[in-house]
Student: 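There's a structure below that I have some questions on.
The shown structure was predicted, so the numbers you read here are calculated from the model rather than taken from an experiment. Numbers restart at 1 for each chain; the letters A, B, ... are given by sequence-line order, proteins then strands.
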Protein chains: 2
Amino acid sequence: MIINMERTTSQKEIIFKFLEKTESHPSAEEVYAGVKKKKPRISRATVYRNLKNLKNKGRIQEIPAEVSHYDGNISSHAHFLCQKCGRIFDVFEICQGCGILRKKKVKVGEINKFKLYLYGYCRNCKRK
Amino acid sequence: MIINMERTTSQKEIIFKFLEKTESHPSAEEVYAGVKKKKPRISRATVYRNLKNLKNKGRIQEIPAEVSHYDGNISSHAHFLCQKCGRIFDVFEICQGCGILRKKKVKVGEINKFKLYLYGYCRNCKRK
DNA sequence: TCCATATTGATAATCATTCCTAATTACATT
DNA sequence: AATGTAATTAGGAATGATTATCAATATGGA
Ligand SMILES: [Mn+2]
Ligand SMILES: [Mn+2]
Ligand SMILES: [Zn+2]
Ligand SMILES: [Zn+2]
């Protein structure tokens with residue numbers, strides 16, 4: 001028999017579908033509240049566990065902040081974080097070639113500052 | 001007499017100087033370990049408190065991740081986070097005009113993905 | 001249907017960060 | 001230089017998000 005075979009569960013599907021169909025970039029707690037409507041007995045731990053797994057599998061992305069938020073849209077896009085209400089908006093006006101913003105004044109609001117994080121393997125970690 | 005007047009303390013200065021002279025983007029815990037060499041009786045709470053204050057005053061910047069890291073360099077630059085060793089490198093090859101990366105292949109390593117966060121006030125929060 | 005094991009639910013544990021407060025310190029004023 | 005007072009600290013407790021534990025449950029191949 002095959003070991004370490006991933007199984008489909010209703011919890012997994014509900015969590016992923018919830019993220020897939022929202023654009024609000026919810027926190028883990030908000031995902032928990034949302035999926036409880038469909039599955040009232042779901043555990044908070046199950047939500048955290050699956051969010052982590054989905055992220056590690058690259059099916060969703062995490063937005064690290066004071067509290068992590070999650071995004072079912074893994075296409076290349078930026079995020080606008082409102083410094084007052086805390087909402088997170090998508091920004092798709094980025095160049096697909098170089099991966100970067102085309103114009104500084106985007107429709108979502110006035111940008112005060114930005115943070116750009118690049119991920120990869122440094123020169124030391126690359127060899128081997 | 002003047003109320004709410006900020007006072008200079010040795011703790012404050014040591015913490016800021018520690019960040020000013022390093023390029024390693026240390027976590028709060030690493031700052032604590034570092035400044036303890038100069039001031040062994042310093043409290044962990046003092047380090048966290050001052051990191052927060054310095055950040056709110058815009059004298060340092062925070063790099064949100066699983067654990068927050070801090071940067072004494074507040075000039076516009078990006079960060080390369082190694083997905084293996086976790087080290088954080090500066091990337092200064094960004095266009096000052098639009099605020100963004102010039103070439104995808106920077107010297108620090110190969111970029112697998114990026115995250116761009118824009119901060120400001122959304123259209124709702126802007127009025128008033 | 002049966003069985004091995006992946007996954008869940010419930011709760012305890014962990015860990016980073018913040019809060020609390022009495023003691024200390026900076027500094028304006030004398 | 002000495003005093004008064006509010007800002008700040010040290011140390012430890014509290015908080016809150018996330019992770020670990022583990023018995024019970026559910027999935028899916030045989
Ligand atoms: Mn998004
Ligand atoms: Mn930096
Ligand atoms: Zn807003
Ligand atoms: Zn590395």
Student: Indicate whether OP1 or OP2 belonging to dA10(C) is found under 4.0 Å from a side-chain N or O atom of Ser43(A).
Tutor: no

Student: Between Glu62(A) and Ser68(A), is any side-chain donor less than 3.5 angstrom from a side-chain acceptor?
Tutor: yes

Student: Atom CD1 of Ile42(A) to atom P of dT25(D): distance rounded to whole Å?
Tutor: 17 Å

Student: Under 6.0 Å from the ring centre and within 45 degrees of the ring axis: does the NZ or CZ of Lys113(B) meet both conditions for the six-membered ring of Tyr119(A)?
Tutor: yes

Student: Just to be sure I understand the rule, does Glu29(A) reach a base, reach only the sugar-phosphate, or reach nothing, if contact means heavy atoms closer than 4.0 Å?
Tutor: nothing

Student: Taking only the side-chain nitrogens and oxygens of Arg44(A), find out if one of them lies under 4.0 Å from OP1 or OP2 of dT8(C).
Tutor: no

Student: Quick test of your reading of the model: are Lys57(B) and Glu6(B) salt-bridged, counting only N-O distances below 4.0 Å?
Tutor: yes

Student: For a quick check of understanding: with a heavy-atom distance under 4.0 Å over all strands, which category does Asn50(A) fall into, base, sugar-phosphate or nothing?
Tutor: sugar-phosphate

Student: Please state how far atom NZ in Lys57(A) lies from atom C1' in dT7(C), giving the value in whole angstrom units.
Tutor: 12 Å

Student: Starting at CG of Asp71(A), measure out to CD1 of Ile63(A) and round the result to the nearest 0.5 Å.
Tutor: 5.0 Å

Student: May I ask you to check whether over 12 heavy atoms, not counting those of Lys115(A), lie within 6.0 Å of atom NZ?
Tutor: yes

Student: In this structure, how many angstroms lie between the P atom of dG28(D) and the NZ atom of Lys12(A), rounded?
Tutor: 9 Å

Student: If I take atom CG in residue Leu51(A) and atom C1' in nucleotide dT8(C), what distance separates them, rounded to the nearest angstrom?
Tutor: 15 Å

Student: From CD1 of Ile15(A) over to C1' of dG9(C), roughly how many Å is that when rounded to an integer?
Tutor: 12 Å

Student: Is the His79(A) ring parallel, tilted or perpendicular to the Tyr117(B) ring (thresholds 30°, 60°)?
Tutor: parallel

Student: Test of understanding: with salt bridge (Lys or Arg N to Asp or Glu O under 4.0 Å), list the residues that count as partners of Arg44(A), not counting sequence neighbours.
Tutor: Glu29(A)

Student: Any side-chain N or O of Tyr48(A) less than 4.0 Å from the OP1 or OP2 oxygen of dT19(D)?
Tutor: no

Student: What does nucleotides 19-26 of chain C look like as a protein-contact string, B for base, S for sugar-phosphate only, - for none, at under 4.0 angstrom between heavy atoms?
Tutor: B-----BB

Student: Would you mind reading off the distance between Tyr32(B) atom OH and dT18(C) atom P, rounded to a whole angstrom?
Tutor: 16 Å

Student: Would you check if there is a donor-acceptor pair between the side chains of Gln83(A) and Asn112(A) at a distance under 3.5 Å?
Tutor: yes

Student: Using atom CD of Gln11(B) as one end and atom P of dA7(D) as the other, report the distance to the nearest whole Å.
Tutor: 17 Å

Student: Between Lys39(A) and Ser10(A), is there a side-chain heavy-atom distance shorter than 4.5 Å?
Tutor: yes

Student: If an axis is fit to five pairs at each end of the helix from dT1(C)-dA30(D) to dT30(C)-dA1(D), what is the angle between the two, to the nearest 10°?
Tutor: 40°

Student: When the distance from CD of Glu6(A) to P of dA26(D) is rounded to whole Å, what number comes out?
Tutor: 19 Å

